[in-house]
Amino acid sequence: MSSSFSQSVVSWYDLHGRKNLPWQGGNPYHVWLSEIMLQQTQVVKVLDYFQRFIKSIPNLKELAAADEQQVMALWSGLGYYNRARNLHRTAQICVEQHQGELPADLTALMALPGIGRSTAAAILSLAYEQAEPIMDGNVKRVFARHFLVAGEPNKSATLKRFWQLAEQHRETARPAAYTQGLMDLGATLCTKHKPQCDRCPVSNSCQALASDVVAAYPQKKKPVRAREVELHCLLFERGGQLALLQRTSKGIWASMWFLPTFDSQQALSEVTTSARKIFTLTHRLTHRLLQIHVYLANDWEVDEPVDWVSRQQLVKWPHPKALNHILEQHDNH
DNA sequence: AAATCGGGGCT
DNA sequence: AGCCCAGATTT
């Protein structure tokens with residue numbers, strides 16, 4: 001039984017929702033890939049990456065068989081690189097355990113790496129028309145206002161309340177239209193700034209609007225101080241080619257190619273005697289403020305596998321944006 | 001329950 | 001300079 005809230009959202013979606021996003025159409029592979037790319041990443045940013053990805057790797061079985069480096073390269077610049085590794089692993093698990101398909105089951109989906117409850121529900125509702133509720137930033141904002149949910153959105157108590165409300169307002173008749181409509185509502189009308197309540201299909205039952213406190217919901221999360229980290233990087237070129245090392249599978253820039261990096265200048269001095277600092281640049285990540293000290297050297301005692309890469313080849317070596325920034329800075333010197 | 005994982009676009 | 005974004009995972 002669907003609620004009147006959900007039915008109003010569906011009716012609004014039919015008139016005003018987004019229907020031309022490239023991952024719409026119910027293809028489970030497309031839905032899944034887009035959901036992973038869209039985790040903490042804006043739609044406009046994802047559009048190009050999505051098109052490039054499905055053009056290069058058009059289905060789940062080809063993804064399972066693809067080279068991890070190719071997958072990582074297609075992800076270069078999107079951030080949160082563990083998403084790409086998990087995507088690849090999940091494709092392989094689906095081939096081994098689920099007949100090459102994404103399972104149409106909440107528990108089975110959530111058991112796959114990189115798929116939590118919300119992404120699993122998005123796949124189930126958008127691709128398989130199952131009435132599973134999602135819970136992303138848009139939905140949290142709509143719910144916080146409409147149902148007057150206080151507390152910081154990502155606190156466990158607040159999250160629990162959001163999910164409870166979501167379960168109470170499932171849409172059984174048209175799950176895909178409801179899921180998409182709820183997100184579209186948050187993205188186009190129930191926006192953070194200047195929400196257009198006069199056009200909202202559920203404004204008559206919105207508790208925040210009734211109390212004229214829409215702007216105060218959802219509650220702001222307290223800002224977290226980014227910790228400062230110093231990195232000492234070696235810019236080592238030989239015959240027009242740059243030395244790159246692959247980073248570990250954990251931590252910042254997981255599995256990406258980057259300059260040889262050391263925790264201290266002393267550690268750097270143990271592999272080269274000629275290192276000379278040429279500049280320092282700051283690079284901001286969400287929870288880190290990186291001070292990247294860049295050095296040039298004539299000698300280098302290498303004890304790890306190095307790839308020598310020309311500037312033209314660099315696009316094929318999955319690397320974070322920070323590497324581009326360093327090279328631009330170097331060119332300007 | 002809190003910390004950890006990027007990067008960009010907006011104000 | 002914050003703030004936020006179609007969150008998941010680890011500690």
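Chain identifiers are assigned alphabetically (A, B, ...) following the order of the sequence lines, protein sequences preceding nucleic acid strands; residue numbering begins at 1 within each chain. Only heavy atoms go into these numbers, but all of them, side chains included; no hydrogens, no water, no symmetry mates.
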Chemist: Write down the distance separating the P atoms in C:dA6 and B:dT11, rounded off to the nearest Å.
Modeler: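 It comes out at 15 Å once rounded to the nearest Å.
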Chemist: Whole angstroms only, please: what is the CG-P distance between A:Asp48 and B:dG9?
Modeler: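 To the nearest whole Å, that distance equals 11 Å.
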Chemist: Strictly below 4.0 Å: does A:Trp75 bring a side-chain N or O up to OP1 or OP2 of B:dG7?
Modeler: no
Chemist: What's A:Arg288 touching, base or sugar-phosphate or nothing? Going by heavy atoms closer than 4.0 Å.
Modeler: sugar-phosphate
Chemist: Phosphate oxygens OP1/OP2 of B:dA3: is one of them under 4.0 Å from a side-chain N or O of A:Arg227?
Modeler: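 Checking B:dA3 against A:Arg227, no side-chain N or O comes under 4.0 Å of OP1 or OP2.
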Chemist: Could you tell me how far apart A:Arg225 (CZ) and B:dA2 (C1') are, to the nearest whole angstrom?
Modeler: 19 Å
Chemist: To the nearest Å, how far apart are A:Arg284 CZ and B:dT4 P?
Modeler: 15 Å
Chemist: In B/S/- notation, 5' to 3', how is nucleotides 3-8 of chain C contacted by protein heavy atoms closer than 4.0 Å?
Modeler: SBBBBS
Chemist: When the distance from CD of A:Glu328 to C1' of B:dG7 is rounded to whole Å, what number comes out?
Modeler: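 Roughly 14 Å, once rounded to whole Å.
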Chemist: Less than 6.0 angstrom from the centroid, inside 45 degrees of the normal: does A:Lys19 satisfy that with respect to the ring of A:Tyr13?
Modeler: yes
Chemist: Going by distance alone, is a donor N or O of one side chain under 3.5 Å from an acceptor N or O of the other, for A:Asp307 and A:Trp317?
Modeler: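 Yes, A:Trp317 and A:Asp307 have a side-chain donor paired with an acceptor closer than 3.5 Å.
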Chemist: Regarding A:Arg170 and A:Glu132, does a basic nitrogen lie under 4.0 Å from an acidic carboxylate oxygen?
Modeler: yes
Chemist: Within the 4.0 Å heavy-atom criterion, would you say A:Lys250 contacts the bases, only the backbone, or no part of the nucleic acid?
Modeler: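 Nothing: the residue A:Lys250, judged by heavy atoms under 4.0 Å, touches no strand.
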Chemist: Tell me which of A:Val44 and A:Ile252 sits closer to the 5' end of DNA chain B, going by the nucleotide each one is nearest to.
Modeler: A:Ile252
Chemist: If we count only N and O atoms by modelled type, under 3.5 Å, do the side chains of A:Arg89 and A:Gln92 hold a donor and an acceptor together?
Modeler: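 Looking only at side-chain atoms, A:Gln92 and A:Arg89 do not form any donor-acceptor pair under 3.5 Å.
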Chemist: Check whether any side-chain N or O of A:Gln24 sits under 3.5 Å from a backbone N or O of A:Asn20 as a donor-acceptor pair, and report yes or no.
Modeler: yes
Chemist: Any side-chain donor-acceptor pair under 3.5 Å between A:Asp299 and A:Ser274?
Modeler: yes
Chemist: CG of A:Leu289 versus C1' of B:dC5: gap in Å, rounded?
Modeler: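 One finds 16 Å between C1' of B:dC5 and CG of A:Leu289, rounded.
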Chemist: Within the structure shown, what part of the strands sits under 4.0 Å from A:Gly186 by heavy-atom distance: base, sugar-phosphate, or nothing?
Modeler: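 Touches nothing.
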Chemist: Closest nucleotide of DNA chain B for A:His319 versus for A:Lys155: which of these residues is on the 5' side?
Modeler: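 Here A:Lys155 is the residue nearer the 5' end.
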Chemist: Provide, to the nearest angstrom, the distance between the CE atom belonging to A:Met37 and the P atom belonging to B:dG8.
Modeler: 15 Å
Chemist: Using the ring-ring contact (aromatic ring centres under 6.0 Å, His included) criterion, which residues pair with A:His330? Sequence neighbours excluded.
Modeler: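 Result, ring-ring contact (aromatic ring centres under 6.0 Å, His included) vs A:His330: none returned.
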Chemist: When you check the phosphate oxygens OP1 and OP2 of B:dG9, does a side-chain N or O of A:Lys45 lie under 4.0 Å from one of them?
Modeler: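 No.
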